[in-house]
Number of protein chains: 2
Amino acid sequence: MLSKKTKYGLKALTFLAQQEGKKPVQISEIASAENISQKFLETILLSLRKTGFLGSKKGKGGGYYLIKDASEIKMADVMRVLEGPISMVPCVSLNFYKKCEDCPDELTCGVHKLMLQVRDSNLEIYRNTVLSDLIS
Amino acid sequence: MLSKKTKYGLKALTFLAQQEGKKPVQISEIASAENISQKFLETILLSLRKTGFLGSKKGKGGGYYLIKDASEIKMADVMRVLEGPISMVPCVSLNFYKKCEDCPDELTCGVHKLMLQVRDSNLEIYRNTVLSDLIS
DNA sequence: TATTACCCTATTAAACTAATAGAGTTTTCA
DNA sequence: TGAAAACTCTATTAGTTTAATAGGGTAATA
């Protein structure tokens, strides 16, 4: 299941991508437009800023804004920041690889084999989809 | 992330699929071969029996066995029983559909759009992969 | 310089996961 | 026929994660 954090983060990003120009949007505006708890959204936007997706401006007239063009923001990068590993098991993860303790041999493991396929196809989607693709 | 329940369930199924003939295998044998807590495995095998994947035989010489041929057991069905919905959000689920409370319109929702793609590609894998494909 | 709005830490309730414990029931085989 | 083997079921629990809340601190702008 997709976490609320990821869902809200994606919604906030698409909301910002739909703004005219690059002028900052207040957290409260995004929160009420997308039905998100404002405080929860704060932490999400903060992490997106720290990871280089968003910029922020303080003081009156401040808020958050996209740092890059929406067509340059890949879902693969966003998902890794918000949701964590794209793989469903650590032993098939590119960025978060970890051997399974209980599994003696990855090459003969059926779960490994299946999850490798799933990772490949999901990765292809996330790599080939950019933020602007989510806007209709 | 894939739950341990699903991982163990898949491992148990592949173990049973690799047996010669259809003679029952004891829980304890599967548990020790695959490094799974026996008690936990009990509940997993029980649910696989109740959902028509496994048969069981009580008494001396009893155990669990596959009811169908491994080439007829689709991952899509197994995953739904063990892991639950294949979709990452309920609003794109075929078998567990539920409208998102916070989302006013699915058609313009970016998350919906993205997760629809993910569901489609995962579903294709799970539908086209059968238990015997997991054995090397 | 006061206001606005971001920034940060800590806490908490709820839900879920994984595992454990222990007793009960059915079946089989000697 | 009876005892052992093996499945079946219920309940409990520790640990983790998630989602949300609270409250104050800090920086920047008009």
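Labels below follow one simple rule: chain letters A, B, ... track the order of the sequence lines, proteins then strands, and each chain is numbered from 1.
Of the possible polar contacts, one joining the A/Lys113 side chain to the B/Asp133 backbone as a donor-acceptor pair under 3.5 Å is found.
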Heavy-atom protein contacts under 4.0 Å, nucleotides 10-20 of chain D, coded B base, S sugar-phosphate only, - none: ---------SS
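Against DNA chain D, the stretch residues 88-95 of chain B makes no heavy-atom approach under 4.0 Å. Looking at residues 48-66 of chain B, you'll see B/Lys57, B/Lys58, B/Gly59, B/Lys60 sit with a heavy atom under 4.0 Å from some atom of DNA chain C.
Applying the side chain to side chain contact (heavy atoms under 4.5 Å, CB included) criterion to B/Ser32, with sequence neighbours excluded, gives no partner residue.
Looking at A/Tyr64 and A/Val25, their side chains never come closer than 4.5 Å, going by heavy atoms from C-beta outward. Under the 4.5 Å side-chain criterion, counting only non-hydrogen atoms from C-beta, A/Leu13 is in contact with A/Leu66. Looking at B/Val78 and B/Leu131, their side chains never come closer than 4.5 Å, going by heavy atoms from C-beta outward. Between A/Val130 and A/Ile73 there is no side-chain heavy-atom pair separated by less than 4.5 Å. Inter-residue side-chain proximity for B/Val89 and B/His112 is flagged as unmet; no heavy-atom pair is nearer than 4.5 Å. Between A/Tyr65 and A/Leu54, every side-chain heavy-atom pair lies at or beyond the 4.5 Å cut-off. Side-chain atoms of A/Val118 and B/Tyr126, non-hydrogen and from C-beta on, do get closer than 4.5 Å to each other. Looking at heavy atoms from C-beta onward, B/Thr6 lies out of side-chain contact with A/Met88 at the 4.5 angstrom threshold.
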List every contact pair, protein side and nucleotides 21-23 of chain C side both N or O, where the distance is under 3.5 Å.
{"residue": "C/dG22", "atom": "N7", "partner": "B/Lys39", "partner atom": "NZ", "Å": "3.4"}
{"residue": "C/dG22", "atom": "O6", "partner": "B/Lys39", "partner atom": "NZ", "Å": "2.1"}

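Inter-axis angle, ends of the helix from C/dT1-D/dA30 to C/dA30-D/dT1, five pairs per end, rounded to 10 degrees: 10°.
Here D/dT21 presents its P atom at 12 Å from CD1 of A/Ile44, a figure rounded to the nearest Å.
Across every non-hydrogen atom of A/Ile67 and A/Gly55, the tightest pair is CG1-N, 3.6 Å.
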Derivation of the side chain to side chain contact (heavy atoms under 4.5 Å, CB included) call for B/Lys98 and B/Ser93: CA-CA 8 Å; B/Lys98 193 166 169 293; B/Ser93 178; over 6 Å; no
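At a threshold of 4.5 Å between side-chain heavy atoms, the hydrophobic network of Ile, Leu, Val, Met, Phe, Trp and Tyr places A/Met75 and A/Leu94 in one connected group.
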